[in-house]
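Structure first, then comments.
Only heavy atoms go into these numbers, but all of them, side chains included; no hydrogens, no water, no symmetry mates.
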Amino acid sequence: MADLFLTSAAYCKILLHAAKYPHCAVNGVLLAEEPKNKDHKHIRFVDCIPLFHLSLSIAPMLEAALLQIEAYSKSIGCVIAGYYQANENLDDNVLNNAAKIIGKRIYDNNPDTCIFIVDNNKVSPLAVSEAYNIYTFKESNWCKTDKRPTTDEETLELSRMLLSTPDSYRQLVDFDNHFDDLSKDWRNLQIAEYIDRST
């Protein structure tokens, strides 16, 4: 398996999405830099695009969102290479069927795909470690892996600061918000710029 890297923007946006809707399951995709060659040994996740909080797998909505994200990712030299999900219940950190199906769909286009399942108990300003478990696809099944991206203390500190400021996660826009009001930008560029300035 390739080495994984997760930027501050990607990590923090995952947590902001989960924090904005603590009463709902949420999901989204992770964009990685397009590999320069076929023998790449590194996957660098550079951004997170929040998908839904109302219903995670309504096919027409998912199709429309993924088409837009794929076009956007190509325009910035990235590929969809990951999927994340935070389940509805606080103690539910299980890889469920919705995650497996959507993850497999992404895997069919990118064999380096990883699924990040958020540990809801760690979506907190008090968290001291990464808030997810990672799964990779091996031998026709999703398997939990101990290999994790290195998350530096600066990123963890930034995530704690953002989670302690309600305005930071209230600004986050997912595709449910975008489909309700097309003027809302699912790319969340303002949040990404703020995170970049803070690191």
Side-chain angles (χ1 to χ4, degrees), residues 2-22 24 26-36 40 42-53 65-66 68-86 112 114-132 134 148-199:
D3 292 329
L4 305 177
F5 298 90
L6 190 65
T7 64
S8 296
Y11 180 73
C12 290
K13 285 165 74 175
I14 291 171
L15 297 189
L16 291 175
H17 196 199
K20 184 174 181 181
Y21 300 105
C24 300
V26 301
N27 67 351
V29 295
L30 291 155
L31 306 184
E33 292 175 340
E34 194 160 9
K36 304 285 189 265
H40 62 283
H42 308 290
I43 301 170
R44 187 168 187 268
F45 295 105
V46 295
D47 202 2
C48 150
I49 306 293
L51 286 173
F52 307 114
H53 66 272
L66 289 177
Q68 290 182 60
I69 296 167
E70 187 173 10
Y72 170 68
S73 64
K74 283 182 182 173
S75 76
I76 61 170
C78 291
V79 293
I80 300 173
Y83 171 79
Y84 74 87
Q85 183 170 302
D112 291 320
C114 299
I115 294 178
F116 292 68
I117 297 296
V118 176
D119 182 342
N120 293 313
N121 288 299
K122 294 182 180 177
V123 180
S124 161
L126 305 176
V128 294
S129 63
E130 294 95 344
Y132 52 76
I134 297 179
R148 308 170 72 78
T150 303
T151 307
D152 59 29
E153 184 55 39
E154 182 181 25
T155 297
L156 293 174
E157 180 59 37
L158 178 59
S159 69
R160 289 190 289 264
M161 188 265 302
L162 289 168
L163 290 173
S164 65
T165 312
D167 281 346
S168 61
Y169 52 81
R170 287 185 188 134
Q171 292 177 45
L172 187 99
V173 174
D174 66 13
F175 267 88
D176 280 324
N177 305 135
H178 174 70
F179 289 146
D180 284 342
D181 178 354
L182 296 179
S183 70
K184 294 185 176 179
D185 189 352
W186 48 264
R187 296 173 300 167
N188 293 290
L189 297 178
Q190 289 180 321
I191 293 173
E193 286 168 12
Y194 175 80
I195 291 169
D196 286 343
R197 285 197 309 270
S198 302
T199 55

Locate the shortest heavy-atom distance separating [X] from [Y]; write the atom from each residue and the value.
X: His53; Y: Val26; result: CB-CG1, 3.8 Å
X: Asn177; Y: Lys184; result: O-CD, 4.1 Å
X: Val118; Y: Ile14; result: CG2-CG2, 3.7 Å
X: Ala127; Y: Lys122; result: CB-O, 3.2 Å
X: Ile191; Y: Ser168; result: CD1-O, 4.0 Å
X: Tyr11; Y: Glu130; result: OH-CA, 3.5 Å

Do [X] and [Y] meet the criterion of a side-chain donor-acceptor pair at a distance under 3.5 Å?
X: His17; Y: Tyr84; result: yes
X: Tyr83; Y: Gln85; result: yes
X: Ser183; Y: Asp181; result: yes

Could you tell me if the side chain of [Y] sits less than 4.5 Å from the side chain of [X], heavy atoms only?
X: Val29; Y: Leu66; result: yes
X: Val123; Y: Asn121; result: no
X: Ile134; Y: Pro149; result: yes
X: Leu4; Y: Cys114; result: yes

Open item on the list: Can you confirm whether or not the ring centre of Phe116 sits under 6.0 Å from the ring centre of Tyr132?
Closed with: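 They qualify: ring centres under 6.0 Å apart.
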From [X] atom [atom1] to [Y] atom [atom2], the distance as rounded to the nearest 0.5 Å:
X: Asp3; Y: Arg44; atom1: CG; atom2: CZ; value: 13.5 Å
X: Arg160; Y: Glu153; atom1: CZ; atom2: CD; value: 4.5 Å
X: Asn27; Y: Ile49; atom1: CG; atom2: CD1; value: 12.5 Å
X: Asn188; Y: Asp174; atom1: CG; atom2: CG; value: 8.5 Å
X: Ile115; Y: Leu30; atom1: CD1; atom2: CG; value: 11.0 Å
X: Lys20; Y: Arg170; atom1: NZ; atom2: CZ; value: 10.0 Å

TODO: Walk me through it: do Tyr169 and Leu15 pass the test side chain to side chain contact (heavy atoms under 4.5 Å, CB included)?
DONE: CA-CA 9 Å; Tyr169 52 81; Leu15 297 189; over 6 Å; no
- [ ] Verify side chain to side chain contact (heavy atoms under 4.5 Å, CB included) between Leu16 and Leu162, making sure each step is shown before the conclusion.
- [x] CA-CA 8 Å; Leu16 291 175; Leu162 289 168; 4.0 Å; yes
- [ ] With side chain to side chain contact (heavy atoms under 4.5 Å, CB included) as the test, would you mind laying out the steps for Ile69 and Leu31 before giving the verdict?
- [x] CA-CA 9 Å; Ile69 296 167; Leu31 306 184; 3.9 Å; yes
Open item on the list: Does the plane of the ring in His178 sit parallel, tilted or perpendicular to the ring in Trp186? Use 30° and 60° as the thresholds.
Closed with: perpendicular
Open item on the list: Let's go through Cys12 and Ile195 carefully: what are the C-alpha distance in whole Å and the side-chain angles of both, what is the deciding distance for side chain to side chain contact (heavy atoms under 4.5 Å, CB included) to 0.1 Å, and is it a yes or a no?
Closed with: CA-CA 8 Å; Cys12 290; Ile195 291 169; 3.7 Å; yes
TODO: Answer yes or no: is there a donor N or O on one side and an acceptor on the other, between the side chain of Asp47 and the main chain of Ala10, under 3.5 Å?
DONE: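 Checking the backbone N and O of Ala10 against the side chain of Asp47, no donor-acceptor pair under 3.5 Å is found.
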Task: N/O donor-acceptor pair under 3.5 Å between Ser124 side chain and Leu126 backbone - done: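 Looks like yes, one N/O pair under 3.5 Å.
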Task: Heavy-atom neighbours of Tyr194 OH exceed 12 at 6.0 Å - done: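 No.
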